[in-house]
Amino acid sequence: MPFFSHFCRQLQNKVAAAPKENRFPALDKRKVRVIMIKNENTAKRRSYAAFAEIFHFVFVENHLFSQKPLYFELFKETFPMIGDMKTVLSGVQPSGNLTIGNYLGAIRNFTAFPDEYKRFYCVVDLHAITVRQVPAELRRRPYETLALYMACGLDETKNTLFVQSHVPAHAELGWILDCYTMFGELSRMTQFKDKSSKHSENVNAGLFTYPTLMASDILLYQTDVVPVGIDQKQHLELARNIAERFNQVYGDTFTVPDGYISKDTMKIMSLAEPTAKMSKSDPNPNAVVYILDSKDDIIRKFKKAVTDSEAEVRFSEDKPGVSNLITIYRAFTGKSVEEVEAEFRGCGYGDFKLAVGEACADGLAPVRDEFARLMADKAHLEAVMKAGADEAAYYARKTMSKVRRKIGFVN
Ligand code: AQP
């Protein structure tokens, strides 16, 4: 960045001159946000400069710099023609150890969005209690999930990382949206049918209204894009319907979101039962590869993976086990189906399974190492959670005040 050293000098001068309570925190280059302003007339540039002065931005040539994300957002709100960013949001339940299904179907795609997007990634603990959780585990897992987000490449200074229950507006909007969602719509959700048959002793109302809480997560941040696995497509469609219904009644209130579903890895299947989705709560540990499994465990699980009796590495609907292994191998090597088929032509399944296990274990090794490093600093994880929740709450409040006003609640 050509202006960066100039900026740092200016910022340091400003820090020295500012009254103590207004001082910037210690200069942290990673946290600096930059807005570029081009082709604007002098009057507009003067207003930017005045704004910059009040909110401790530094204005250098065509760039505005800030260390305070909320001021940065306030600026974009005040001058909406600038910084017209699209918003991305997604989340993972802390309902067990995360699997390569969660990784390939969702988390790895979270990192695909460049800095031009405003990105919110949450740990959806409110969703997790639709199924009974052990409190001590539920307390621990948000740290692990957050550390995994970061270990997978989500930079906490560029993404808003937070825990859903730390922003009460999710539950508040969830209730409101319940009142704009039809019983029949929720009854048609296949995840509700699956989960209520798996947990027949606890078919609670939360399991039934899970999709409206998910709609709340999305609509609260005026989300444009939601990266998810294909299993969430039906819930996403419902979120769109709810947004459109609300907008029809009250006028433009919510952004209608789109899904972002990676074609190649939209559904990673169980290794033991390749016609069923790989799920973190699967009671059979050999069916699931966890992101944090050791290399030995990963290879052992792939060696046991269910295939078929043909001994031919070929991608085909009638070969679900082999096709699933090809998908996983491709995801970790970047090879095409044809390349994989050619590579293993004439080989037995033993060699193929070993190669898949090694590619997967090697691909995940940097994530495991970084996870261990991050988990050793719980205070940092807590600071990330807190900063993320503060920032998310700021956006959530804006949507909630609009929603409350439109519905007719007294402020
Ligand atoms: N097997 C999978 N293939 C592709 N994507 C997957 N996802 C989950 N499993 C696969 C995607 O991961 C994101 C987070 O999922 P979640 O934890 O919120 O809920 P889930 O879909 O119910 O995941 P699990 O692992 O099956 O959890 P449990 O066992 O607790 O129900 C979502 O985007 C999902 O699509």
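Order of appearance sets the numbers: ligands from 1, and atoms from 1 within every ligand. This chain uses plain numbering: 1 for the first residue, then up along the sequence.
The heavy atom nearest to atom 33 (O) of ligand 1, considering only Gly229, Ser270, Gly96, Ser281, is found in Gly229.
Shortest contact from atom 13 (C) of ligand 1 to any protein heavy atom: Ala106 CB, 3.6 Å. In this structure, atom 27 (O) of ligand 1 lies nearest to the protein heavy atom Lys280 NZ, 2.9 Å. Ranking the protein heavy atoms by distance from atom 4 (C) of ligand 1 puts Met266 O, 3.3 Å first. If you check which protein heavy atom lies closest to atom 1 (N) of ligand 1, you get Ile268 O, 2.8 Å. Taking atom 21 (O) of ligand 1 as the reference point, the nearest protein heavy-atom neighbour is Asp231 OD2, 2.7 Å. The nearest heavy-atom contact from the protein to atom 15 (O) of ligand 1 is Asn102 ND2, 3.5 Å. If you check which protein heavy atom lies closest to atom 26 (O) of ligand 1, you get Ser279 OG, 2.5 Å. The shortest contact between atom 5 (N) of ligand 1 and any protein heavy atom is with Gly101 O, 3.3 Å.
Listed by number with element, the atoms of ligand 1 under 4.0 angstrom from any heavy atom of Gly105 are 4 (C), 5 (N). Here is the list of ligand 1 atoms found below 4.0 Å of a heavy atom in Val228: 33 (O). Against a heavy-atom cut-off of under 4.0 Å, Ser95 is close to the following atoms of ligand 1: 30 (O).
Aromatic ring centres of Phe162 and Tyr121: separated by at least 6.0 Å. For Tyr260 and Phe113, the ring centers are positioned less than 6.0 Å apart. Annotation: His170 is in aromatic contact with Tyr221 [ring centroid separation under 6.0 Å].
Under a 4.0 angstrom heavy-atom cut-off, Gly91 registers as being in contact with ligand 1. Using 4.0 Å as the threshold, Thr99 has no heavy atom nearer than that to any atom of ligand 1. Ligand 1 has at least one atom lying under 4.0 Å from a heavy atom of Thr265. Under a 4.0 Å heavy-atom criterion, Lys195 is in contact with ligand 1.
Exactly one of Val289, Asp282, Val306, Asn284 qualifies for a side-chain contact (heavy atoms from CB on, under 4.5 Å) with Leu271. That residue is Val289. A ring-ring contact (aromatic ring centres under 6.0 Å, His included) with Phe344 is found for exactly one of Tyr329, Phe315, Tyr349, namely Tyr329. Paired with Phe254 under the rule side-chain contact (heavy atoms from CB on, under 4.5 Å), one option of Thr223, Leu173, Ile242, Ile218 passes, and it is Leu173.
Checked by distance only, ligand 1 and Gln93 come closer than 3.5 Å through their nitrogen or oxygen atoms. Note: no N/O pair closer than 3.5 Å links Val92 and ligand 1 by distance alone. Considering backbone and side-chain N/O of Lys277, one or more are found under 3.5 Å from N/O of ligand 1.
In this structure a side-chain-to-backbone donor-acceptor pair under 3.5 Å is missing from Gln191 to Gln234.
Lys378 forms a cation-pi arrangement with Tyr143, by the criterion of a distance under 6.0 Å to the ring centre and an angle within 45° of the ring axis. For the pair Lys304 and Phe302, the cation-pi criterion (under 6.0 Å, within 45° of the ring axis) is not fulfilled.
Within 6.0 Å of the CZ atom in Arg132, the count of heavy atoms belonging to other residues, nucleotides or ligands does not exceed 12. The number of heavy-atom neighbours closer than 6.0 Å to CD1 of Ile129, taken from other residues, nucleotides and ligands shown, is 12 or below.
For the pair Lys193/Lys198, no side-chain contact is recorded, criterion being any heavy-atom separation below 4.5 Å from C-beta on.
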